[in-house]
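The figures that follow rest on heavy atoms only: side chains count, while hydrogens, waters and symmetry mates do not. Here is how names work: the chains are called A, B, and so on, in the same order as the sequence lines, proteins then strands, and each is numbered from 1. Just so we're clear, the structure is a prediction, and the values are computed from it rather than from any experiment.
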Protein chains: 2
Amino acid sequence: MKQTATSSSIEDYVKVIYAFTEWQDKPITSSVLATRLGVANSSVSEMVRKLKDLGLVDHEPYSPIHLTAEGLSLALSMVRRHRLLETYLVQELGYTWDEVHDEAEQLEHAVSDHFIERMSAKLGHPVRDPHGDPIPDAHGNITMAPSHRLDELDPGHTGRISRISDHDPELLRHLESLGIGLDTQLTVVGRPRFGAGLQVRLDLSENDAGPQTLGDEVAASLWLASVGRHADCTVQELTGGSLMSPHSAQ
Amino acid sequence: MKQTATSSSIEDYVKVIYAFTEWQDKPITSSVLATRLGVANSSVSEMVRKLKDLGLVDHEPYSPIHLTAEGLSLALSMVRRHRLLETYLVQELGYTWDEVHDEAEQLEHAVSDHFIERMSAKLGHPVRDPHGDPIPDAHGNITMAPSHRLDELDPGHTGRISRISDHDPELLRHLESLGIGLDTQLTVVGRPRFGAGLQVRLDLSENDAGPQTLGDEVAASLWLASVGRHADCTVQELTGGSLMSPHSAQ
DNA sequence: GCAAATATTTAGGCTTACCGAAATCATAGG
DNA sequence: CCTATGATTTCGGTAAGCCTAAATATTTGC
């Protein structure tokens with residue numbers, strides 16, 4: 001696998017393009033990419049041309065952007081870096097799960113491959129980060145248990161939270177304060193009413209810091225329903241029928 | 001202590017200016033700074049003007065460059081970062097002492113203060129890095145045992161290697177192969193002959209991987225004499241008279 | 001003390017990555 | 001089918017940090 005010389009900007013572009021298609025299939029457009037990166041549309045046009053010249057993306061003017069095999073490989077290596085770093089920060093340096101994202105965002109561009117592999121070894125080669133996201137191995141292969149968007153779970157079914165996006169530290173702190181974390185069990189008790197919302201009951205058998213009031217449980221439902229719809233949070237089903245499995249990368 | 005917004009270039013300039021005066025008093029000139037940073041003289045002129053505008057250095061055209069109090073504070077914080085990172089890489093991630101310099105060089109610009117303090121705590125707040133260099137505390141204070149340049153030790157006196165520069169990984173590997181490391185004891189047996197060299201006898205009582213032949217010992221003498229003269233290696237005296245103590249920063 | 005050698009700064013340019021404004025393409029509604 | 005609207009690209013510019021070459025200041029040797 002040949003290594004194109006990359007800058008941290010290039011790495012960020014490729015990572016965001018990949019992230020957009022990690023939990024659904026629609027390819028990313030120029031303007032969405034601009035929004036996610038916090039840059040102007042014109043900056044994206046220029047950079048995408050450069051990424052195309054480097055062989056990292058396929059792109060025809062006025063069309064969505066796709067990673068090439070080489071681009072995917074770079075993206076997966078950045079995702080591996082990010083998620084291993086997050087795991088390391090939590091397990092070895094006592095960070096909380098809402099503190100790790102920004103630190104990892106900086107470090108992922110600075111550490112060497114050697115550093116990454118030492119870290120992975122020290123952690124016992126983990127396959128899931130503190131938010132439940134899968135960690136690709138050094139070859140870009142992803143091992144992942146099947147999971148679903150929260151709103152795909154039918155009422156009456158029980159699931160275990162298998163993934164929560166690390167992008168919003170405030171959301172993470174809020175969930176924490178409600179006693180909700182990775183592997184928290186919940187049961188869907190009601191379908192969306194009035195066009196929004198999804199009611200879940202939290203199963204707190206093994207969690208003593210859970211919601212103290214019914215109000216908390218309602219608030220939790222709203223948050224989870226919202227992030228569930230955006231695939232920012234997924235669940236692993238523990239009872240009931242089989243749903244579609246998410247696409248697996250590479 | 002107010003924090004000027006810094007780039008990694010600025011951090012490197014300030015660090016090199018500081019490093020030049022760490023083991024001797026002469027201030028650094030424009031061209032030496034350029035050589036150490038691997039940039040053109042003209043680049044230094046521009047950047048020094050900028051550093052002056054930022055209040056990090058004092059400088060009159062065509063004169064040497066001095067750090068201001070604020071510049072010194074920034075430099076010490078970068079030195080702290082570098083040396084803590086080196087220590088961490090060796091102690092927690094199994095790096096060898098010749099591998100850490102380049103990695104730390106990248107990381108020191110990327111990690112947060114929070115990261116640095118977690119690392120320091122995990123290591124038990126060390127005051128010396130794997131090469132023997134002192135690690136400033138979070139306020140920039142340095143704790144250091146008095147040490148001397150190797151060529152300041154008189155014949156017959158015994159010393160313990162207290163510091164070896166991390167800048168040349170090849171030198172470090174060479175010394176390692178001769179069984180020479182931090183805390184290796186040596187006795188000066190002869191003064192420079194023919195205008196160069198300094199003869200030392202290595203005291204290998206507690207070192208089983210030492211030089212096997214007289215040739216090795218001679219080679220070791222030459223290396224040590226050479227790095228000793230440049231203050232790239234210092235010794236702590238174990239016997240004999242008192243020499244001048246190095247200047248202490250801040 | 002002055003000319004030659006050396007050190008330093010200034011001048012003009014390059015690259016990367018960004019921006020806003022203007023031009024161009026694509027598509028949805030009538 | 002054809003125009004209005006929105007998405008995308010192109011165009012001219014900026015800032016940081018680097019470069020070479022030219023100009024200027026300092027130091028050294030005689």
Side-chain angles (χ1 to χ4, degrees), chain A residues 3-21 26-67 71 74-75 78 105-106 108-110, chain B residues 3-18 20-21 24 26-67 71 74-75 78 105-106 108-110:
Chain A
Q3 293 292 48
T4 311
T6 62
S7 65
S8 74
S9 285
I10 289 175
E11 291 169 354
D12 281 338
Y13 275 80
V14 166
K15 200 180 56 161
V16 170
I17 296 169
Y18 171 77
F20 189 79
T21 43
K26 208 169 22 133
I28 198 169
T29 63
S30 199
S31 48
V32 171
L33 186 46
T35 302
R36 302 246 171 155
L37 286 163
V39 301
N41 289 335
S42 55
S43 305
V44 170
S45 281
E46 278 179 34
M47 186 57 108
V48 166
R49 180 157 13 90
K50 180 175 196 171
L51 295 178
K52 188 178 176 185
D53 291 346
L54 290 171
L56 296 171
V57 303
D58 288 328
H59 181 238
E60 294 311 315
Y62 299 97
S63 303
I65 300 143
H66 295 266
L67 290 175
L74 174 59
M78 295 313 296
E105 198 82 357
Q106 293 300 123
E108 66 193 13
H109 305 298
Chain B
Q3 293 293 44
T4 311
T6 62
S7 65
S8 73
S9 284
I10 290 175
E11 290 169 354
D12 280 338
Y13 275 80
V14 167
K15 200 180 54 160
V16 170
I17 295 168
Y18 172 78
F20 189 78
T21 44
Q24 48 85 279
K26 208 171 20 136
I28 198 167
T29 62
S30 200
S31 49
V32 171
L33 185 46
T35 303
R36 302 246 170 153
L37 285 164
V39 302
N41 289 336
S42 55
S43 305
V44 170
S45 282
E46 281 179 33
M47 185 59 106
V48 166
R49 181 158 12 90
K50 180 176 195 169
L51 294 178
K52 188 180 176 184
D53 292 347
L54 289 171
L56 296 170
V57 303
D58 288 329
H59 181 239
E60 295 310 315
Y62 300 98
S63 303
I65 300 144
H66 294 267
L67 290 176
L74 175 59
M78 295 314 296
E105 199 81 357
Q106 292 299 122
E108 65 193 16
H109 304 298

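- Shortest non-hydrogen contact noted between Ala34(A) and Asn41(A) is CB-OD1, 3.2 Å.
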Return the polar atom pairs (N/O with N/O) between nucleotides 8-11 of chain C and the protein under 3.5 Å, or none.
from   : atom 1 : to       : atom 2 : distance (Å)
dT8(C) : OP2    : Ser31(B) : N      : 3.1
dT8(C) : OP2    : Ser31(B) : OG     : 2.5
dT9(C) : OP1    : His59(B) : NE2    : 3.2
dT9(C) : OP1    : Tyr62(B) : N      : 3.3
dT9(C) : OP2    : Ser30(B) : OG     : 3.1
dT9(C) : OP2    : Ser45(B) : OG     : 2.8
dT9(C) : O5'    : Ser45(B) : OG     : 3.4

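- Extent of DNA chain D lying under 4.0 Å from chain B heavy atoms, first and last nucleotide in 5' to 3' order, is dA16(D) to dT26(D).
- Distance alone, capped at 3.5 Å, is enough to place a donor-acceptor pair between the Lys52(B) side chain and the His59(B) backbone.
- Nucleic acid contact for Ala40(A): sugar-phosphate only, since backbone atoms but no base atoms lie under 4.0 Å from a heavy atom of the residue.
- When all heavy atoms are compared, the tightest approach of Leu67(B) to Ala75(B) is CD1-CB, 4.0 Å.
- Looking at every heavy atom in both residues, Gln106(B) comes nearest to Ala110(A) through CB-O, 3.6 Å.
- Residues Tyr13(A) and Ser43(A) have side chains in contact (heavy-atom distance under 4.5 Å, counting atoms from C-beta outward).
- Tested against Val44(A) for a side-chain contact (heavy atoms from CB on, under 4.5 Å), the candidates Leu33(A), Thr29(A), Leu51(A) yield a single pass: Leu33(A).
- Between Lys26(A) and Thr21(A), the shortest heavy-atom contact is O-CG2, 3.3 Å.
- Between Val57(B) and Val48(B), the shortest heavy-atom distance links the atoms CG2-O, 4.0 Å.
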